[in-house]
Amino acid sequence: MASTFPLVLLRKPEEFSFESATARSGPLATLVGLRDHGMINHLGIASGPIDLQLKCLQTDAFDALISHVPYNLLDRAAEPLIENAVSREVAFVNGAPFTGRLLLDREGRSTQGMNWERGPARLERSDKMRLICAAYGIPLAAAALQFSKA
């Protein structure tokens, strides 16, 4: 009896061209074939810039999307991506609910980030959110996760 994988991800699609990934003999066709033969239950995509993720969703080949495009208390850049995924009944997993460490704690905070700006205004906003949450006895990280889930 053959094993079935519950979810297989096409990871870091930005590392190859969309055309080569979606070619007749490309990785997407191979993964869809494995799903069609019952070896994969669900096919997902992970990472990539928002325009590439939107393009991938248009193929209607994916069941799930793990995105690091920010959608959190400080940044809602992934909103169009979420709307598109929901309209296609694609599961959306938010890989960036905390904007780095800004919505977790004060340690290690800086104005430098990997894929987002952590300018002074953003630091000030996260500090204000932290104070408001503290007044109600709620950790900022909990509020950030709750927002992300909603």
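The residues of the chain are indexed from 1 along the displayed sequence. Small disclaimer: the values here were computed from a predicted structure and weren't measured.
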ask   = Just checking, any donor-acceptor pair under 3.5 angstrom between side chains of Ser148 and Asn94?
value = yes
- Counting heavy atoms not belonging to Glu89, are there more than 12 under 6.0 Å from its CD? no
Worksheet entry | Arg11 atom CZ, over 12 foreign heavy atoms within 6.0 Å | no
**Message:** Using the rule given for side chain to side chain contact (heavy atoms under 4.5 Å, CB included), can you reason through Leu7 versus Leu9, listing the C-alpha separation, both sets of side-chain angles and the distance that settles it, and then say yes or no?
**Reply:** CA-CA 7 Å; Leu7 173 65; Leu9 299 172; 4.0 Å; yes
Heavy-atom side-chain proximity of [X] to [Y] below 4.5 angstrom:
X      : Y      : value
Glu14  : Pro49  : yes
Thr59  : Phe18  : yes
Leu34  : Val32  : no
Ser126 : Leu74  : yes
Ser67  : Gln53  : yes
Ile132 : Leu140 : no
Tyr71  : Pro97  : no

[X], [Y]: one ILVMFWY side-chain cluster at the under-4.5 Å cut-off?
X      : Y     : answer
Ile138 : Leu73 : no
Leu57  : Phe16 : yes
Leu54  : Leu65 : yes
Leu52  : Leu10 : no
Val93  : Phe98 : no

Taking all atoms of both residues into account, what is the closest heavy-atom pair of [X] and [Y], and its distance?
X      : Y      : value
His68  : Gly95  : CD2-O, 3.2 Å
Ala96  : Pro70  : CB-CA, 4.0 Å
Pro139 : Cys133 : C-CB, 4.4 Å
Ile50  : Ala78  : CD1-CA, 4.3 Å

Using 0.5 Å steps for rounding, measure from the [atom1] atom of [X] to the [atom2] atom of [Y].
X      : Y      : atom1 : atom2 : value
Leu28  : Ser20  : CG    : OG    : 11.0 Å
Arg125 : Asp127 : CZ    : CG    : 12.0 Å
Leu43  : Phe62  : CG    : CZ    : 5.0 Å
Leu123 : Arg130 : CG    : CZ    : 9.5 Å

Mark yes or no for whether Asn72, through its side chain, and Ala144, through its backbone, hold a donor-acceptor pair below 3.5 Å. no
Exactly one candidate in Thr4, Thr30, Asp63 meets side chain to side chain donor-acceptor pair (under 3.5 Å) with Arg35; the answer is Asp63
Residue set satisfying ring-ring contact (aromatic ring centres under 6.0 Å, His included) with Phe92, at least two apart, ordered chain then number -> none
*Does the pair Lys12 and Glu15 meet the rule for a side chain to side chain contact (heavy atoms under 4.5 Å, CB included), with working shown?*
CA-CA 6 Å; Lys12 292 191 175 185; Glu15 292 184 358; 3.1 Å; yes
Across all chains, not counting sequence neighbours, the salt bridge (Lys or Arg N to Asp or Glu O under 4.0 Å) partners of Lys149 are none
